[in-house]
Amino acid sequence: MLSARQFDVMRGSRTIVAGADLRVDSGAALVIHGANGSGKSSLIAALAGLLPLAAGRVLWRGMDVRDDPPRFRRDLAWLGHADGFNGELTVAENLRFAALLGASAAHRNERDVLDRAAVLPLMHTRLNRLSQGQRRRVALARLVLSGKPLWLLDEPTDAIDDSGALWFAACIDDHLREGGTLVATTHRPLPVDAARTRHLHLARGAA
Ligand SMILES: Nc1ncnc2c1ncn2[C@@H]1O[C@H](COP(=O)(O)OP(=O)(O)OP(=O)(O)O)[C@@H](O)[C@H]1O
């Protein structure tokens with residue numbers, strides 16, 4: 001379970017979130033919506049520990065994430081606007097590098113994941129030769145292969161076409177069914193299991 005208590009997020013002098021409580025159980029998703037500039041990226045970056053909280057705490061499995069950051073990072077799969085790939089390396093090399101860094105484990109269905117992501121034909125192509133959407137598909141496949149229990153994703157389906165969005169929504173459903181936790185920001189409806197999903201709407205910078 002991921003929870004945050006009485007937390008404030010600031011950007012410059014502006015309060016994005018004030019005194020908020022939030023809880024996302026294992027097997028559940030929270031999807032954050034809001035207009036451009038409303039604070040979605042700031043909020044999710046704060047949950048991931050990438051932006052300091054102005055007040056309050058974030059707890060993962062009952063532990064303040066600041067108490068043991070390496071342990072939190074072992075469970076966390078983060079995907080922001082930047083994907084962290086090396087453009088000079090091929091898709092296969094980037095995925096191997098991610099596995100070496102612990103960003104992905106040996107996945108029981110690796111080939112199947114890559115196939116469904118439509119990444120298999122791209123395995124020997126350098127990242128800087130891919131389109132934005134292809135690159136995002138590789139990033140999402142890396143995420144699925146990570147096997148990590150907590151996914152924090154900033155606009156995961158950015159640049160992805162409709163079939164890719166449907167594929168990724170099915171991946172989210174699998175993740176939740178297996179007991180994973182998800183928080184994602186999005187501008188686009190994610191067709192995920194409604195019974196497991198709650199929505200947070202940020203209005204003019206304050207939740
Ligand atoms: N580095 C920064 N320093 C100061 N203010 C910032 C910084 N980055 C963003 N902001 C401000 O914080 C507010 C929230 O930005 P944020 O990127 O979290 O919004 P968002 O909802 O994710 O937007 P979008 O939908 O456009 O991605 C905006 O008003 C923005 O101008």
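In listed order, ligands and their atoms are each counted from 1.
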Can you tell which of L79, T157, L130 makes a side-chain contact (heavy atoms from CB on, under 4.5 Å) with R136?
L79

Which residue supplies the protein heavy atom nearest to atom 4 (C) of ligand 1, what is that atom called, and how far is it?
G12 N, 3.8 Å

To check your reading of the model: name the closest protein heavy atom to atom 16 (P) of ligand 1, its residue, and the distance in Å.
S42 OG, 3.6 Å

Close N or O approach (S38, ligand 1; < 3.5 Å)
yes

Candidates S13, G39, G34; heavy atom nearest atom 19 (O) of ligand 1 found on G39

Under the 3.5 angstrom rule, does the side chain of T186 hit a backbone N or O of R188 as a donor-acceptor pair?
yes

Could any protein non-hydrogen atom be found less than 4.0 Å from atom 6 (C) of ligand 1?
yes

Can a non-hydrogen atom of A35 be found less than 4.0 Å from any atom of ligand 1?
yes

Applying a heavy-atom cut-off of 4.0 Å, say which part of L202 lies close to ligand 1: side chain, backbone, both or neither.
neither

Between R137 and D161, is the closest basic N to carboxylate O distance under 4.0 Å?
yes

Please confirm whether R142 makes a cation-pi placement over F85, using NZ or CZ under 6.0 Å from the six-membered ring centre and within 45° of the ring normal.
yes

Checking a contact table here: which protein heavy atom is nearest atom 24 (P) of ligand 1, and how many Å away?
N36 ND2, 3.5 Å

How far is atom 14 (C) of ligand 1 from the closest protein heavy atom, and which atom is that?
G37 O, 3.4 Å

In ligand 1, which numbered atoms sit nearer than 4.0 Å to a non-hydrogen atom of H187?
25 (O)

Got the closest protein heavy atom to atom 29 (O) of ligand 1, with its distance?
R14 NH1, 2.4 Å

Between D83 and R135, is the closest basic N to carboxylate O distance under 4.0 Å?
yes

Begin from the C-alpha positions of R11 and S42 and carry the test side-chain hydrogen bond (donor to acceptor under 3.5 Å, both in side chains) through to its verdict.
CA-CA 8 Å; R11 263 354 262 271; S42 305; 3.1 Å; yes

For G19, does its backbone N or O pair with a side-chain atom of D8 as donor and acceptor, under 3.5 Å?
yes

closest protein heavy atom to atom 17 (O) of ligand 1 is S41 CB, 3.7 Å

Hey, are D25 and R23 close enough for a salt bridge, meaning a charged N less than 4.0 Å from a carboxylate O?
yes

Under 4.0 Å between a side-chain nitrogen and a carboxylate oxygen: does that hold for R177 and D173?
no

Looking at E155, H33, M10, the heavy atom closest to atom 27 (O) of ligand 1 belongs to E155

Heavy-atom donor-acceptor pair, K40 side chain to A35 backbone, under 3.5 Å:
yes

What is the closest protein heavy atom to atom 21 (O) of ligand 1, and at what distance does it sit?
K40 NZ, 2.7 Å

Atom 2 (C) of ligand 1: which protein heavy atom is closest, and how many Å away?
R11 NH2, 3.7 Å

As a test of the contact definition, would atom 31 (O) of ligand 1 count as having a protein heavy-atom neighbour under 4.0 Å?
no

